[in-house]
Amino acid sequence: MRAGTAVQAAKRRSASKASTVYLFALPATLLFVVFIAYPILWVAGESLYTGTADGRAVFAGFANYTTILSDPTFWIVVRNMVLWGIITIPVQMLIGGLLAYFIERHTHALRGFFRTMFFLPVVTSVSVISLVWVQIYAPYYGIAQEYLKHVGIVMMTSPIGDPKTAIYALIVVNIWQWTGFSMLMYIAGIANLPSEVLDAARIDGARGWRLGVHVIVPMLSPATKSLLLLGVIGTLQTFPIVHLMTGGGPNRASEVFGTFIFKQSFVLGDTASGAALSVIVLVIALVLSLVQIALLGARLSPAGKDEP
Amino acid sequence: MMTLLSRNRIRGVVIHAVLFVVLGFWMIPQVYMLSIGLRTPAQAFDAALFTWPVTFDNFVTVIRDNPLGGIFLNSLIITVATVAIVVAVSSLFAFSCAILRLKGSMLLYTTLLTTLMVPLASMVLPLAILLKTFGWVNTYIGLILPYAALGVPFAMVILKAFMEDAPRELFEAARVDGCNAWQTYWHVALPLVRPALVFVTIWQFIVTWNEFFLALIVLTKSEMKTLTIVPMQYSGFYMANPGALFAVLTLIALPLILLYVLVQRAFVRGLLAGAVKG
């Protein structure tokens with residue numbers, strides 16, 4: 001009798017458990033469905049329609065995509081994004097990695113100070129940073145042209161005002177802002193290197209550069225792969241620095257996906273081509289991410305601890 | 001032995017010197033910003049990193065003339081609410097995957113993870129239309145919920161990994177003692193992953209506070225604007241007065257910098273703890 005009620009009670013409990021435990025997963029799922037999945041499906045659908053003069057939406061197949069792909073600005077954007085990625089990502093890794101190495105392995109009392117100071121650009125509002133750099137680059141009263149002429153670099157105009165140099169000038173700002181992030185990722189990696197391996201390598205005679213290049217660099221590859229993955233996604237969503245410093249100009253020379261989408265969707269109000277562009281950026285991001293995850297085993301978290 | 005020791009010391013001094021020189025160059029933009037903010041109108045356009053004398057007049061002017069308190073409050077409300085939702089929602093979800101191991105939770109987890117590969121640039125148009133449909137343009141909630149949805153996956157990854165690393169016996173013991181799932185979550189799981197909660201809180205705070213793209217589109221009324229999107233306004237307003245412009249930019253950048261300096265130790269500790277199991 002007692003055993004029977006116990007079993008019943010246990011059954012009731014597990015029944016109520018089964019229904020309420022799903023509440024743990026519900027809020028995250030709801031947020032995802034409403035604010036991520038639904039908007040993506042909507043934009044994918046919208047990209048196949050085109051508006052008419054009387055405000056009706058007409059199915060257009062891939063017409064919006066062909067229009068975008070035949071727009072010369074699109075190919076300027078692609079070129080700029082490739083430049084952005086292949087310059088920004090390795091330079092940030094190199095400077096961030098070197099800083100991390102020297103800070104972690106050769107400083108003690110000042111370690112926290114250096115870690116914090118080099119990270120400050122990351123926590124400084126990007127709109128503030130952009131305006132400061134506009135001032136730095138400014139002709140006549142900016143400090144870049146004033147000080148760089150002492151090392152033989154003469155700037156007649158602002159580098160962001162020249163179509164040939166604008167994108168590089170913006171890349172410099174981006175590198176400056178985000179190198180602290182790469183540094184911190186490598187610091188996490190270096191601080192957690194197993195000391196037995198380092199000691200063994202040192203006993204084998206590996207020191208200085210050889211220890212760094214042959215032992216530490218390979219052991220930091222999880223951090224490097226995460227930075228590559230985050231760097232590619234970060235490149236594709238570049239917006240504030242470009243929007244605030246050049247607006248994609250001069251003459252669209254520094255246009256990136258973010259500013260292009262912004263103009264098509266919100267300045268021109270051309271939702272159809274804005275939607276097609278959004279889908280293109282999304283597909284590029286997913287393909288590049290999945291390729292890295294599949295080929296390199298790259299991970300999405302900074303700690304390099306989770307599965308992709 | 002002596003020569004080795006002193007050679008190490010010399011190397012230490014050289015490395016510190018190099019780091020300080022690099023840091024000096026690295027800090028130029030911030031130093032320059034503060035320096036222009038401290039100039040008199042006569043020096044404002046000097047092409048120099050430092051000028052003398054300095055004045056605090058610009059700071060007095062911009063604080064007196066601008067509703068910086070209200071803008072700061074907008075940033076604070078949006079950021080704190082987003083962080084609270086992200087931490088609550090992602091820890092509940094991580095618990096359901098890592099501890100309860102609900103049927104289907106891993107599939108859901110993988111689905112939510114795809115969010116991390118979605119560039120915000122491709123989300124602004126559909127989100128803007130969605131928020132317009134909801135009537136949420138120029139509201140706090142119109143930024144808070146999308147920010148939360150974009151932030152949850154990253155926090156969930158970190159928290160799930162920490163919960164999986166916690167000793168399972170503790171959760172078994174809680175069950176034997178008669179704790180239900182909610183009690184186990186609150187009294188066992190959350191305290192165990194505290195460093196991760198701190199890390200996720202700080203990171204989400206930084207990201208939300210500095211978010212620009214969506215805020216630019218959703219917040220068009222000036223009384224709703226956040227600290228991140230007002231600098232453009234000021235750059236037009238104070239075009240002829242760089243001293244005032246850079247004073248207000250300094251004030252806008254300051255809160256998050258000060259906060260980070262205060263919490264950086266806990267932040268780095270969380271980051272280091274997360275990497276232990278490579």
Side-chain angles (χ1 to χ4, degrees), chain A residues 21-22 24-25 27-29 31-32 35-36 39 42-43 102 106-107 112 114-118 120 123-128 131-133 136 141-143 146 184 188-189 191-192 222 233 236-237 239-240 244 257-258 261 265-266 274-275 278 281-282 285-286 289 300-306, chain B residues 12 15 19 23 26 29 32-33 45 47 49 89-90 92-93 95-96 100 102 105 108 112 115-123 125-127 130 145-146 148-149 152 157-158 161 181 206 210 212-213 217 227-228 231-232 235 249 252-253 256-257 260-261 264 268 271-272 274-278:
Chain A
V21 287
Y22 277 92
F24 280 92
T29 312
L31 280 175
F32 176 79
F35 295 102
I36 310 289
W42 181 88
V43 82
F102 286 110
H106 295 284
T107 68
F114 283 125
R115 279 174 177 172
T116 308
M117 295 307 275
F118 281 111
L120 284 190
V123 300
T124 308
S125 175
V126 66
S127 39
V128 170
L131 294 176
V132 173
W133 277 88
I136 290 175
Y141 52 88
I143 51 172
E146 179 66 21
L184 216 53
N192 288 292
I233 297 164
L236 289 170
Q237 63 187 11
F239 177 70
L244 289 160
F257 276 128
I261 289 176
S265 313
F266 301 104
S278 300
V281 175
L282 187 68
L286 289 181
S289 302
L300 285 158
S301 101
K305 185 183 176 187
D306 57 294
Chain B
I15 286 170
L19 281 174
L23 181 62
W26 214 255
Y32 188 45
M33 169 176 74
F45 288 99
L49 187 51
V89 168
S90 61
L92 285 169
F93 191 86
F95 187 76
S96 79
L100 298 175
L102 296 183
S105 65
L108 259 178
L112 264 61
T115 310
L116 296 177
M117 305 173 209
V118 176
L120 183 62
S122 60
M123 293 295 290
L125 172 64
L127 281 174
L130 183 72
L145 291 183
V152 162
V157 167
I158 306 268
I206 294 170
N210 279 340
F212 180 81
F213 205 162
I217 286 155
L227 284 177
T228 317
M232 303 145 68
S235 76
L249 293 183
I252 285 168
L256 196 65
I257 292 178
Y260 181 73
V261 169
Q264 53 87 16
V268 174
L271 187 68
L272 298 193
V276 170
K277 295 257 163 55

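Letters go in sequence order (proteins before strands), and every chain restarts at 1. Note that this is a predicted model, so its numbers are computed, not measured.
Ranked by heavy-atom pairs under 4.5 Å with chain A, the first of B:Leu227, B:Leu249, B:Val152, B:Leu125 is B:Leu125. Residue with the most contacts toward chain B among A:Leu120, A:Leu236, A:Val43, A:Thr116: A:Thr116 (heavy-atom pairs, distance under 4.5 Å). Counting heavy-atom pairs closer than 4.5 Å to chain A, the top residue among B:Tyr260, B:Phe95, B:Phe93 is B:Tyr260. The residue among B:Ile252, B:Leu256, B:Val261 with the most heavy atom pairs within less than 4.5 Å of chain A is B:Leu256. No other option in B:Pro146, B:Ala253, B:Ser90 has as many heavy-atom pairs under 4.5 Å with chain A as B:Pro146.
Interface remark: A:Ile143 contributes backbone and side-chain atoms alike to the contact with chain B (heavy atom separation under 4.5 Å). Both the backbone and the side chain of B:Leu112 come within less than 4.5 Å of a heavy atom in chain A. The parts of B:Leu23 that come within reach of chain A are both its backbone and its side chain, each placing non-hydrogen atoms under 4.5 angstrom from that chain. For B:Leu19, the parts sitting under 4.5 Å from any heavy atom of chain A are the backbone and the side chain alike. Only the side chain of A:Phe266 comes within contact range of chain B, with heavy atoms under 4.5 Å apart. Of the atoms belonging to B:Thr228, heavy atoms from both backbone and side chain fall under 4.5 Å from chain A. For B:Val118, the parts lying near chain A are the backbone and the side chain together; criterion is any non-hydrogen pair under 4.5 Å. Within the 4.5 angstrom heavy-atom criterion, only side-chain atoms of B:Ile206, from C-beta onward, approach chain A. In this structure, chain B has heavy atoms under 4.5 Å from both the backbone and the side chain of A:Ala285.
To the nearest 0.5 Å, atom CH2 of residue A:Trp42 and atom CG of residue B:Leu130 are 9.5 Å apart. One distance of note links OG1 of A:Thr124 with CD1 of B:Ile257; it measures 3.5 Å at 0.5 Å rounding.
For the residue pair A:Pro27 and B:Leu92, the shortest heavy atom distance occurs at CG-CD1, 4.4 Å. For A:Val128 against B:Met33, the heavy-atom pair with the smallest separation is CG1-SD, 3.4 Å. Heavy-atom minimum distance, A:Ser278 versus B:Ser122: O-CB, 3.1 Å. Residues B:Pro119 and A:Val281 share a closest heavy-atom pair of CG-CG1, 3.8 Å. Between A:Pro39 and B:Leu127, the shortest heavy-atom contact is CG-CD2, 4.0 Å. Shortest non-hydrogen contact noted between A:Gly258 and B:Ala121 is CA-CB, 4.1 Å.
Contact check for B:Leu120 versus A:Phe239: no side-chain heavy atoms found under the 4.5 Å cut-off. Using a 4.5 Å heavy-atom cutoff, the side chains of B:Asn210 and A:Val126 are not in contact. Annotation: side chain of A:Ile136 is in contact with side chain of B:Pro29 (closest heavy-atom distance under 4.5 Å). Within the 4.5 Å cutoff, the side chain of A:Ser127 has no heavy atoms near those of the B:Met232 side chain.
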task = Under the side chain to side chain contact (heavy atoms under 4.5 Å, CB included) rule, what do A:Leu244 and B:Phe212 come out as? Steps first, then yes or no, please.
result = CA-CA 10 Å; A:Leu244 289 160; B:Phe212 180 81; 3.9 Å; yes
